Amino acid sequence: INTPLATEDDMLKYAFALFLNHDFEKSLQIARKGLQANARHAAFNRLAMYNNTDLKRYEDAEKAADAFFHASDNADYSYLDYRYYGALLTALKKYDEAIIEYGKALEKDNTQTDLWREISDAYEMKNDYAQAIASYQKYYDSLAKDKKTPETLFQLGRLYYGQGTSSDTLTVQPADRMAALQSADSVFALVSKQAPDSYLGDMWRARTNSAMDPETTDGLAKPYYEKVMEVLLSKNDPKYNSPLIECYSYLGYYYLLKSDYPTSKEYWNKILAIDPTNATAKKALEGIK
């Protein structure tokens, strides 16, 4: 590469091999060397975009993308070009533009169904949960049976939960929120069934039912928090202290509203046993006295 014998093709093959080996810095150096000789070389501009994106140098990547798409000779664009550009625009928080590029990638190769997950992520980041859910559903439906794991299903439930609890009151109407939360509850119920050894399905059912019953008047989340509490206590591991405190907080508040002060105090004291500085528990106990 550093001799007069190296051709442009040699440099390109070397730069691409370095990129495939995840040596993005060295690959970028070789690509820049190629661009010094020919600034309109499509493949070197492509590698400059790829490498800068992977190195998280997004401003440089955007300049390289502009050169690649608008100032390169004989460029033949692939699905991966549009996918990288979509990822770059997502990183730059240009979500609408990113979604367009991901769409172009799918037009080039509709077998790359992972793109639907990335499209879903971009929609979620712009708080468009309806489109995020629709896109993620396409991704989930495209998966082989062995890939439809509790984890992939959980993400669908999380999106429904996000729609139901979104702070953007203009885009999500009350009836739509309740429908979204009911859908989330159904998904998390399936997660709980598919992964009975995990507490996460029931924990998110608890959170979802709590969101459906914001005043805690019906205690919709109570059975799920109680179930999670039992599972976590059986594990006897300090790493579960945070979710345990969440369970105790809900139950302490529930019994406080029911004027069952002795039971309420039990739960607030359980929190203080884990975290003696917990302000919520201290305040609740002071109010019960």
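What you see below is based on every heavy atom in this structure, not just the backbone, and it leaves out hydrogens, waters and symmetry mates. Keep in mind that what you see is a predicted model, and the values were worked out from it rather than measured.
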Exercise. Are Leu12 and Leu5 grouped together when hydrophobic residues (ILVMFWY) are joined by side-chain heavy atoms under 4.5 angstrom apart?
Worked result: no

Problem set entry | Taking every non-hydrogen atom, the tightest pair across Ala184 and Thr208 | CB-CG2, 4.0 Å

Problem set entry | Hphob cluster co-occupancy, Leu89 + Tyr84, side-chain heavy atoms under 4.5 angstrom | yes

Exercise. Can you find a heavy atom in the side chain of Lys104 that is under 4.5 Å from one in the side chain of Tyr85?
Worked result: no

For this session: Working to the nearest 0.5 Å, report the span between OH of Tyr129 and OH of Tyr123.
Result: 15.0 Å

For this session: Decide yes or no on side chain to side chain contact (heavy atoms under 4.5 Å, CB included) for Gln155 and Arg117, but give the supporting numbers first.
Result: CA-CA 10 Å; Gln155 292 304 322; Arg117 186 184 58 199; over 6 Å; no

Exercise. If Ile, Leu, Val, Met, Phe, Trp and Tyr residues are connected whenever their side-chain heavy atoms lie under 4.5 Å apart, and connections chain through other members, are Met125 and Leu156 in the same group?
Worked result: no

For this session: Working to the nearest 0.5 Å, report the span between CG of Leu256 and OG1 of Thr263.
Result: 11.0 Å

Problem set entry | Arg177 side-chain N/O to Ser166 backbone N/O, donor-acceptor pair under 3.5 Å | yes

For this session: To the nearest 0.5 angstrom, please state how far the OG1 atom of Thr280 sits from the CD1 atom of Ile271.
Result: 7.5 Å

For this session: Specify the closest pair of heavy atoms between Tyr58 and Thr53, including all atoms of both residues, with the distance to one decimal.
Result: CE2-O, 3.7 Å

Problem set entry | Hydrophobic cluster identity match, Ile133 and Leu115, side-chain contacts under 4.5 Å | yes

For this session: Determine whether the side chains of Gln112 and Tyr79 contain a donor N or O and an acceptor N or O closer than 3.5 Å.
Result: yes

For this session: Tell me, yes or no, whether the heavy-atom count around Asp141 atom CG, taken from other residues, nucleotides or ligands under 6.0 Å, exceeds 12.
Result: yes

Exercise. Centres of the Tyr77 and Phe68 rings: under 6.0 Å?
Worked result: yes

Seminar exercise, completed: Between Ala31 and Phe44, the two heavy atoms sitting closest are CA-CD2, 3.7 Å

Exercise. Within a radius of less than 6.0 Å around CG of Asp73, do more than 12 heavy atoms belonging to other residues, nucleotides or ligands occur?
Worked result: yes

For this session: Under the side chain to side chain contact (heavy atoms under 4.5 Å, CB included) rule, what do Lys270 and Leu251 come out as? Steps first, then yes or no, please.
Result: CA-CA 11 Å; Lys270 285 176 188 286; Leu251 293 166; over 6 Å; no

For this session: Find the distance between CZ (Arg158) and CZ (Arg207) and round it off to the nearest 0.5 Å.
Result: 12.0 Å

Exercise. Does Glu286 come within less than 4.0 Å of Lys283, counting only side-chain N to carboxylate O?
Worked result: no

For this session: Compare all side-chain heavy atoms of Tyr95 with those of Asp128 and state whether any distance is below 4.5 angstrom.
Result: no

Problem set entry | Any donor-acceptor pair under 3.5 Å from Asp10 side chain to Thr7 backbone | yes

Problem set entry | Closest approach of Ser135 to Trp116 (non-hydrogen atoms, all atoms of both residues) | O-CB, 3.5 Å

For this session: Test Lys227 against Glu230 for salt bridge (Lys or Arg N to Asp or Glu O under 4.0 Å), laying out the working first.
Result: CA-CA 5 Å; Lys227 188 175 178 183; Glu230 288 175 19; over 6 Å; no

Exercise. Quick one: does Ser27's side chain have a donor or acceptor within less than 3.5 Å of a partner on Asp23's backbone?
Worked result: no

Problem set entry | Side-chain touch Val231/Tyr240, heavy atoms, less than 4.5 angstrom | no

Exercise. Do the side-chain N and O atoms of Tyr160 and Asp185 include a donor-acceptor pair separated by under 3.5 angstrom?
Worked result: no

For this session: Describe, in one word, how the ring planes of Tyr248 and Tyr267 are oriented to each other, choosing from parallel (under 30°), tilted (30 to 60°) and perpendicular (over 60°).
Result: tilted

Exercise. Once the angle between the rings of Trp204 and Tyr161 is folded into 0 to 90°, is it parallel (under 30°), tilted (30 to 60°) or perpendicular (over 60°)?
Worked result: perpendicular

Exercise. Hey, does Tyr199 have a side-chain heavy atom less than 4.5 Å from the side chain of Tyr224?
Worked result: no

Exercise. So, does Asn52 use its side chain to make a donor-acceptor pair with the main chain of Glu59 at under 3.5 Å?
Worked result: no

Exercise. What about Ile100 and Leu92, same hydrophobic cluster or not, with Ile/Leu/Val/Met/Phe/Trp/Tyr joined at side-chain heavy-atom distances under 4.5 Å?
Worked result: no

Seminar exercise, completed: Between the OG atom in Ser72 and the CG atom in Asp66, the distance rounded to the nearest 0.5 Å is 9.5 Å

Problem set entry | Gap between atom OG of Ser183 and atom CE of Met178 - 0.5 Å precision | 11.5 Å

Exercise. Is the count of non-hydrogen atoms from other residues, nucleotides or ligands lying under 6.0 Å from Lys33 atom NZ greater than 12?
Worked result: yes

Exercise. Below 4.5 Å, heavy atoms only, C-beta onward: do Tyr14 and Met11 meet side chain to side chain?
Worked result: no

Exercise. Between Tyr225 and Tyr254, is the ring centre distance below 6.0 Å?
Worked result: no

For this session: Tell me whether the centres of the aromatic rings in Tyr139 and Tyr136 are closer together than 6.0 Å.
Result: yes

Problem set entry | Worked verdict on Glu226 versus Tyr250 for side chain to side chain contact (heavy atoms under 4.5 Å, CB included) | CA-CA 10 Å; Glu226 288 174 333; Tyr250 178 89; over 6 Å; no

Exercise. Are Phe188 and Phe154 near enough that their ring centres are under 6.0 Å apart?
Worked result: yes

Exercise. Does the side chain of Lys126 reach to within under 4.5 Å of the side chain of Ile99, using non-hydrogen atoms?
Worked result: yes

Exercise. Are the side chain of Asp213 and the backbone of Leu220 linked by a donor-acceptor contact shorter than 3.5 Å?
Worked result: yes

Exercise. Does the side chain of Lys258 come within less than 4.5 Å of Ser264's, by heavy atoms?
Worked result: no

For this session: Report the residue from Lys56, Arg57, Arg32 that forms a salt bridge (Lys or Arg N to Asp or Glu O under 4.0 Å) with Glu25.
Result: Arg57

For this session: Report yes if some heavy atom in the side chain of Leu272 is under 4.5 Å from a heavy atom in the side chain of Leu285; otherwise report no.
Result: yes

For this session: Report the residue from Leu153, Asp146, Thr152 that forms a side chain to side chain contact (heavy atoms under 4.5 Å, CB included) with Thr149.
Result: Thr152

Exercise. If every non-hydrogen atom of Ser210 is compared with every non-hydrogen atom of Ala221, which pair is closest and at what distance?
Worked result: N-CB, 3.7 Å

Problem set entry | Taking every non-hydrogen atom, the tightest pair across Asp81 and Asp76 | OD2-O, 3.9 Å

Exercise. Is a salt bridge present between Asp9 and Lys13, judged by a nitrogen-to-oxygen distance below 4.0 Å?
Worked result: yes

Exercise. Checking side chain to side chain contact (heavy atoms under 4.5 Å, CB included) for the pair Ile245/Asp275: CA distance, chi angles, key distance, verdict?
Worked result: CA-CA 9 Å; Ile245 287 174; Asp275 175 15; 4.2 Å; yes

Exercise. Just wondering, are more than 12 heavy atoms of other shown residues or ligands nearer than 6.0 Å to NZ in Lys93?
Worked result: no

